[in-house]
*Asks:* 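Shown below is the structure under consideration.
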Amino acid sequence: MLDTATIVAVALAYLGLLFAIAWYGDRRADTGRSLIRSPVVYTFSLAVYCTSWTFYGAVGTAARRGIEFLTIYTGPTIIFLGWWFLLRKIARISKSQRITSIADFIASRYGKSASLGMIVTVIAMIGTMPYIALQLKAVSTSFAVLVSYEATPDLAIALTSPPAATLTDAAFLTAIGMAVFAILFGTRHIDANEHHEGMVAAIAFESCVKLLAFLAVGFFAIFTLGSTATPGAGEAAMSAGWSNLTRFPEGGSGRFLTMTFLSMAAIVCLPRQFHITIVENVDERHLSTASWLFPTYLFLMSLFVLPIAAAGLSLLPAGANPDFYVLTVPMTQGHNGLALLAFIGGLSSATAMVVVAAIALSTMICNDLVMPVLLRIRWLRLEDRGNLATLLLYIRRIAIFAVLLLGYAYYRLTGESGPLAQIGLVSFAVAAQFFPAIIGALFWKNGTRAGAQTGLILGFLTWAYTMLVPLLARSDLFSGSILEPGPWGIAALRPEALFGLEGWEPLTHALFWSMAANICGYVLVSLFSKQDTLERIQAAIFVDVFRRPPAEAQVWRRSAAVEELHALLQRFIGTERADRAFRDYAAEHGQRIGDMPEADADLVAFVERLLAGSVGAASARGMVASIAKGELLGFDEVMAILEETHQVIAHSREIEQKSRELEATALELTRANAQLKELDRLKDDFLSTVSHELRTPLTSIRTYSEILSDHDVSEEQADRFLDIISSETQRLTRLLDTILDLTRLEQGQAEWRMADVDPSAVLEDAVAATGGLFRGRQFDLKVAIEPSAAPVRADRDRLMQVFINLLSNAAKFAEPGDGRVMVVGRPDDGGYLVEVTDNGEGVSPQDRELIFEKFAKARDRNTGRPSGSGLGLTISRHIVEHHGGRIWTETPPTRGARFCVHLHSVRPPSGSRKPALAEAAE
Ligand code: ADP
């Protein structure tokens, strides 16, 4: 049983918890241990987007209009996935310009224009009122639903009747509570960056709560649907419900696209969204996490909308308001606790929205509406007042109260007009009016202040006429039928069919005309009006933010007395922080402020930027102007400087490019030089090795010939010596032949007689040719040669040379007493593989590469074995690689060495046909 006291107590306890979190967040921020320096907290705070409109209304929309409810999620998803293009640029600009609100952003871009700031602020206020009213309505109605369900299960009647006095009081008290929260955590002090850490932490927490509450109800709905579906009537009702839910919205794709566009614009342009995404952002990198995490949050929020709607349609009487299925579905099953949790979720969504919106609006009202006016009023003598920070704070606090009271008033006046979603869309459509000016601000340098003003005003008026008028006309306030046929009886001016555009769905119709008026006004007037100098500079700073825009100080030739600047700053941000700012500036520029007779243009611009962080760009400009002397350069000079900066940038890019090229060339040269040196060293090595190899036979030849000529030797001895001399000479000749051969191979002068060759036949010939070696040593030679599947393209004699070299190495290195050698040839991997395995000492792993080098002989060898030239494998490798094949050595499972050669076939072996070559070889 839920009674009023319980609900109120739980709600108050929950609000108390939020206060505690915000208080703790602020305290942590003060001690420099921020709670919100996390991309996850940032993302959750972004979920202030999901207001009670989403929390309750999405289910309502789904029940009424099928999958159209998805559109409020698709727009933000698109914008966040594409954060690189839009949000990143806005965030970068806002950080460097210390932007405080969306009004400030637009005003700043179009020449720090106070009038533009005012226009945006007024429009934003009017647009936000219905939205706040919507939250108040959601809170009070959901409260009423909880309280009255037991007494009047037939909810339909209770909820369509006008709000009773007590319930309205609930809305009023809620509004007051929210105002207190916003004041406590949104206007604690004037921050140079407009950061409210405690408030952000509380909002992030609220987003967790509402997600959990919604998921809980979602799971419950699925569970209930599964278990209570009684055969027969229930099922029929359910399937009817489902088919309604999953249909495409009426009004077709037009409305679907309109709503998607609206929600895209809204996630960028709603004042509270701009505030939380851009102004409260502490680290640009958080955006990249949010780019996928925020869409994930939205996805989770939308996951159970359809099941809840289906459960509501099948469990509740036909007249029950689908906007509150989230509450009533658990209540039908007597789960009051769950309903209470859902109520807290809805309360969370509403509070978050109202608090952030109130803070954002109060900043705008203070900076862009009140301050510019106060600065104009001479007799207030603002410049003589000591501490303006307190004044600012009071203005903001009053503004927060005013905003909430206005929201409440709107709620009372319009009462029960339309379902939740309809009211929310009205606000979205207003926010969308800022979209053209913002897109232009980011990408179009020629957009002018006059253009932006015209676009905004035209768009807003058209919106008011096509959307607000019909809405008010249908509310309790008016009973007249001004919708037909339009004021003064002119048919063409009917608000919902402007200029005879009939048959369009009202939202698409209103958005179409207001955007058309807005964009045309903006573009056309921009094309026909001139920018003044400051606009020109700001345009360059905004559009070129990623390409080193010109510094403001370059074009403002201003100076001011250092003391006066300091005094001005101090009045807004306090003595201590003003001192610190000046110290930081001095440290960064390596000068002492005290030594400066006059502040230069750079320091003036610095102070103006700091001030802008507290009072907005337009007001800051006005105040600095009152104490700084000097002029903005003429338009032509500014143009020249902007041009120049561009040329300088282009030029320095060219230089960078050139120096990169030079570096690359230098690197190449160094590498080439190293290569030459290495070659030189190799040549020396080669020469000394060759000389060494030649000397051994030459020495023995010389020795024996000297013996022969000088001494008396017997006939027998002489024969033996002559034999030795002759064999050494042959060895010398062979060595020289081999060296010559290698040189030719290395220099690419060898002649190749390429033909299609059967590798298995060549291998057999090589085995036959070396057979004598094995027989002589009584080695055991096993041969397993399979026919090759396809020929290889090769020089037959060279291939033979390779195989013979491997075979004779095996004969040389196999175990002397008990030599066993195995020759295998088989098709493999699109070619032919030859393996020669012996049971000798093998090649140690560290020698595997080395033995293919010139004159390489594996270490600690040669003892007792016939020594070769050490060139055989080198030559073999040259030959094999010339054929595009591979040669390598590995260790067989048992003892010994295995040398492998792999050659590619001319064409891949054809599966079925037995290769002709193999047959020919048989
Ligand atoms: P050589 O003419 O000296 O045999 P190679 O280039 O053919 O020159 O071989 C280089 C070295 O590789 C040999 O000196 C030997 O140390 C090592 N080697 C070659 N084949 C084998 C093998 N089957 N077993 C062990 N070591 C081998």
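In this text, all values refer to a predicted model and were calculated from it rather than measured experimentally. Note that ligands are numbered from 1 as they come in the structure, with each ligand's atoms numbered from 1 the same way. The figures that follow rest on heavy atoms only: side chains count, while hydrogens, waters and symmetry mates do not.
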*Asks:* Decide whether an N or O pair under 3.5 Å exists between Phe813 and ligand 1.
*Replies:* no
*Asks:* Relative to the heavy atoms of Lys812, which atoms of ligand 1 are at a distance of less than 4.0 Å?
*Replies:* 1 (P), 2 (O), 4 (O)
*Asks:* Please work out whether any backbone atom (N, CA, C, O) or any side-chain heavy atom from C-beta onward of Leu873 is under 4.0 Å from ligand 1, and answer side chain, backbone, both or neither.
*Replies:* both
*Asks:* Looking at OH of Tyr704 and CD of Glu706, how far apart are the two atoms once the value is rounded to the nearest 0.5 Å?
*Replies:* 12.5 Å
*Asks:* In terms of relative ring orientation, are His902 and His904 parallel, tilted or perpendicular, with 30° and 60° separating the classes?
*Replies:* perpendicular
*Asks:* Do Val901 and Val802 have side-chain heavy atoms sitting under 4.5 Å apart?
*Replies:* yes
*Asks:* Show me the pairs that pass side chain to side chain donor-acceptor pair (under 3.5 Å) and involve residues 799-809, at least two apart or across chains.
*Replies:* Asp741-Gln801, Arg798-Gln801, Asn805-Ser876
*Asks:* Less than 3.5 Å between some nitrogen or oxygen of Asn809 and one of ligand 1, yes or no?
*Replies:* yes
*Asks:* How does Asn805 reach ligand 1, if at all, at less than 4.0 Å between non-hydrogen atoms: by side chain, backbone, both, or neither?
*Replies:* side chain
*Asks:* Run the contact test for Gly842 against ligand 1 with a 4.0 Å cut-off on heavy atoms, strictly below, and give the result.
*Replies:* yes
*Asks:* Under 4.0 Å from any heavy atom of Asp838, which atoms of ligand 1 are there?
*Replies:* 22 (C), 23 (N), 24 (N)
*Asks:* Using the side-chain contact (heavy atoms from CB on, under 4.5 Å) criterion, which residues pair with Phe779? Sequence neighbours excluded.
*Replies:* Phe774, Arg777, Ala814
*Asks:* Taking the inter-plane angle between the rings of Phe294 and Tyr49 on a 0 to 90° scale, is it parallel (under 30°), tilted (30 to 60°) or perpendicular (over 60°)?
*Replies:* perpendicular
*Asks:* Would you mind listing which atoms of ligand 1 come within a distance below 4.0 Å of any non-hydrogen atom of Phe899?
*Replies:* 19 (C), 20 (N), 21 (C), 22 (C), 23 (N)
